[in-house]
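What follows is a set of notes on a single structure, which appears directly below.
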Amino acid sequence: MDKHYQVFLDYLDKEQKDDALLFILQLLKDKKIALLELYDDYLRPALNEFVCDSTDEDFCIWKEHTRTSIVRTILEATYPYLIEAKKDVKKNNKKVVVVCPSEEFHEVGAMIVTNHFLLSGFDAMFIGANTPKHDILAAVKSLKPDFLALSVTNYYNLVITKQITEQVKAAYPNVKIILGGLAFTKPGALFNIAYDYHLDTLEAIKTLGGEV
Ligand code: B12
């Protein structure tokens with residue numbers, strides 16, 4: 001394991017929010033890591049590979065919540081680096097709206113994916129977690145994006161996802177639908193859903209950014 005990542009994990013394990021944030025800011029300032037490395041090699045595994053070694057479920061839950069909150073702070077606090085990085089990105093003049101449907105509270109993946117879209121040349125906007133169908137349709141109506149990207153983690157949110165995609169396709173047939181997130185890794189998850197792209201790697205966003 002990378003030595004910097006190990007230091008970062010130690011801070012997270014002890015819920016040392018200030019140390020974790022300052023450490024990451026220093027790594028970025030010293031160019032020891034790049035922004036995409038931060039997202040993919042630090043923040044994502046810190047959450048997805050989190051193992052709680054206690055048998056006390058309540059203890060594990062608050063630890064997971066605190067860790068998520070620290071990761072969110074780091075994502076927001078490093079946004080100025082994204083603004084800088086975007087200056088060197090060739091724009092493709094395509095707009096993408098990223099959103100999580102109602103009841104989908106897992107938002108860190110969607111936030112990171114939005115930043116990947118931005119760094120791949122898209123004009124990208126994250127609307128939020130737990131967004132009702134009506135509000136997603138209203139956003140599509142007024143923002144007129146080229147793409148609607150839905151981030152879904154929980155399998156039980158596939159039902160509402162199907163409804164959203166059908167209504168978007170019926171009302172705005174030119175809007176291309178991108179699906180991504182853990183829920184779509186379940187076999188058969190994409191069956192019967194109206195979509196244009198299912199992207200399962202972040203590299204695929206970059207490829208799409210160059211093609212459209
Ligand atoms: C943090 C977390 C939470 C937090 C979320 C807080 C927040 N503000 O986001 C809280 C505490 C709220 C939470 C709640 C729950 N959680 Co939870 N949670 C997690 C955890 C630990 C990390 C998720 C995360 O943020 N990962 C980091 C991001 C960066 O990774 P990612 O989401 O995978 O996203 C990447 C890719 O999937 C992809 N991607 C994602 N979206 C998109 C979209 C597009 C368009 C594209 C191209 C790509 C893409 O790119 C991303 C970046 O690399 C996972 C563990 C795990 N192994 O996934 C469980 C996990 C996702 N949770 C789970 C469960 C069951 C729940 C609860 C039901 C628990 C409960 N009993 O209360 C609730 C449900 C809440 C709800 N209604 O949504 C299960 C889901 C199982 C399933 N698929 O159904 C997991 C897998 C835990 C487990 N092993 O059982 N959770």
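In each ligand, atom 1 is the first atom listed, and ligand 1 is the first ligand listed. This chain uses plain numbering: 1 for the first residue, then up along the sequence.
- Heavy-atom proximity to atom 25 (O) of ligand 1, evaluated over Leu47, Val99, Leu43, Ile178, is greatest for Leu47.
- Contact annotation: for Glu107 versus ligand 1, heavy atoms closer than 4.0 Å belong to both the backbone and the side chain.
- In Leu202, the part holding a heavy atom less than 4.0 Å from any atom of ligand 1 is the side chain.
- Among protein heavy atoms, atom 2 (C) of ligand 1 sits closest to Glu64 OE2, 3.4 Å.
- Residue, atom and distance of the protein heavy atom nearest to atom 41 (N) of ligand 1 are Ser151 OG, 2.7 Å.
- Shortest non-hydrogen contact noted between Val140 and Pro145 is O-CD, 3.5 Å.
- The ligand atoms of ligand 1 that sit less than 4.0 angstrom from a heavy atom of Glu104 are 78 (O).
- For the residues Thr185, Val98, Thr153, the heavy atom positioned nearest atom 61 (C) of ligand 1 is part of Thr153.
- With respect to Arg67 and Asp13, a salt bridge is recorded, a charged nitrogen being found less than 4.0 Å from a carboxylate O.
- The nearest protein heavy atom to atom 54 (C) of ligand 1 is not closer than 4.0 Å.
- Of all heavy-atom pairs between Tyr155 and Leu182, the closest is CE2-O, 4.0 Å.
- Relative ring orientation between Tyr39 and His116 is described as tilted, the plane-to-plane angle lying within the 30° to 60° band.
- Using a 4.0 Å cut-off between heavy atoms, Glu49 makes no contact with ligand 1 at all.
- The residue His116 has no part lying near ligand 1, judged by heavy-atom distances below 4.0 Å.
- Aromatic ring centres of Phe122 and Phe147 lie closer together than 6.0 Å.
- Nearest approach of Pro101 to Ile136, heavy atoms of both residues: CA-CD1, 4.1 Å.
- Shown here is Lys141, whose NZ atom has no more than 12 heavy atoms of other residues, nucleotides or ligands within 6.0 Å.
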Self-check item: Trace of the side chain to side chain contact (heavy atoms under 4.5 Å, CB included) decision for Leu179 with Val152
Solution: CA-CA 8 Å; Leu179 303 177; Val152 188; 5.9 Å; no
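- Here Ile112 has side-chain heavy atoms under 4.0 Å from ligand 1, and that is the only part of it that gets that close.
- Only the side chain of Tyr156 comes within 4.0 Å of ligand 1, judged by heavy-atom distances.
- Distance remark: protein heavy atom not present below 4.0 angstrom from atom 72 (O) of ligand 1.
- Glu166 contributes no side-chain N or O that, together with a main-chain N or O of Ala194, makes up a donor-acceptor pair within less than 3.5 Å.
- Looking at atom 37 (O) of ligand 1, its nearest protein heavy atom turns out to be Gly181 CA, 3.7 Å.
- Of the candidates His106, His65, Arg44, it is His106 that places a heavy atom closest to atom 16 (N) of ligand 1.
- Where the criterion is an N or O separation shorter than 3.5 Å, residue side chain and backbone included, Asp40 fails it with respect to ligand 1.
- Relative ring orientation between Phe23 and His4 is described as tilted, the plane-to-plane angle lying within the 30° to 60° band.
- Considering backbone and side-chain atoms alike, Glu103 places an N or O below 3.5 Å from some N or O of ligand 1.
- At the top of the distance list for atom 33 (O) of ligand 1, counting protein heavy atoms only, stands Asn48 ND2, 3.2 Å.
- Summarising the local packing, CD of Glu57 is surrounded by 12 or fewer heavy atoms from other residues, nucleotides or ligands at distances under 6.0 Å.
- Interatomic distance, OG of Ser151 versus CD1 of Ile178, reported as 12.0 Å (0.5 Å rounding).
- The protein heavy atom nearest to atom 46 (C) of ligand 1 is Gly180 CA, 3.6 Å.
- Heavy-atom contacts of Leu199 reach the following atoms of ligand 1: 47 (C) (cutoff under 4.0 Å).
- Looking only at protein heavy atoms, the nearest one to atom 79 (C) of ligand 1 is Asn154 OD1, 4.5 Å.
- Closest to atom 34 (O) of ligand 1 among all protein heavy atoms lies Gly109 CA, 3.4 Å.
- Contacts between Val113 and ligand 1, counted as non-hydrogen atom pairs separated by less than 4.0 Å, involve the side chain only.
- Only the side chain of Thr68 comes within 4.0 Å of ligand 1, judged by heavy-atom distances.
- Atom CG of Leu118 and atom CG of Leu35 lie 10.5 Å apart (nearest 0.5 Å).
- Classification of Asp196 and Lys169 as a salt-bridged pair holds, one side-chain N sitting under 4.0 Å from a carboxylate O.
- For the pair Ala183 and Leu158, the tightest heavy-atom approach, listed with the atom from each and the gap, is CB-CD2, 4.0 Å.
- Judged purely by atom type and a 3.5 angstrom limit, Thr78 has no side-chain atom pairing as donor or acceptor with the backbone of Tyr81.
- In this structure, atom 90 (O) of ligand 1 has no protein heavy-atom contact shorter than 4.0 Å.
- Atom NZ of Lys206 has 12 or fewer heavy atoms from other residues, nucleotides or ligands within 6.0 Å.
- When distances from atom 23 (C) of ligand 1 to the protein are checked, a heavy atom turns up under 4.0 Å.
- Heavy-atom contacts of Leu182 reach the following atoms of ligand 1: 37 (O), 83 (N), 86 (C) (cutoff under 4.0 Å).
- Of the protein's non-hydrogen atoms, Phe105 O, 3.3 Å is the one closest to atom 7 (C) of ligand 1.
- Not close to ligand 1: Phe50, with no non-hydrogen atom less than 4.0 angstrom away.
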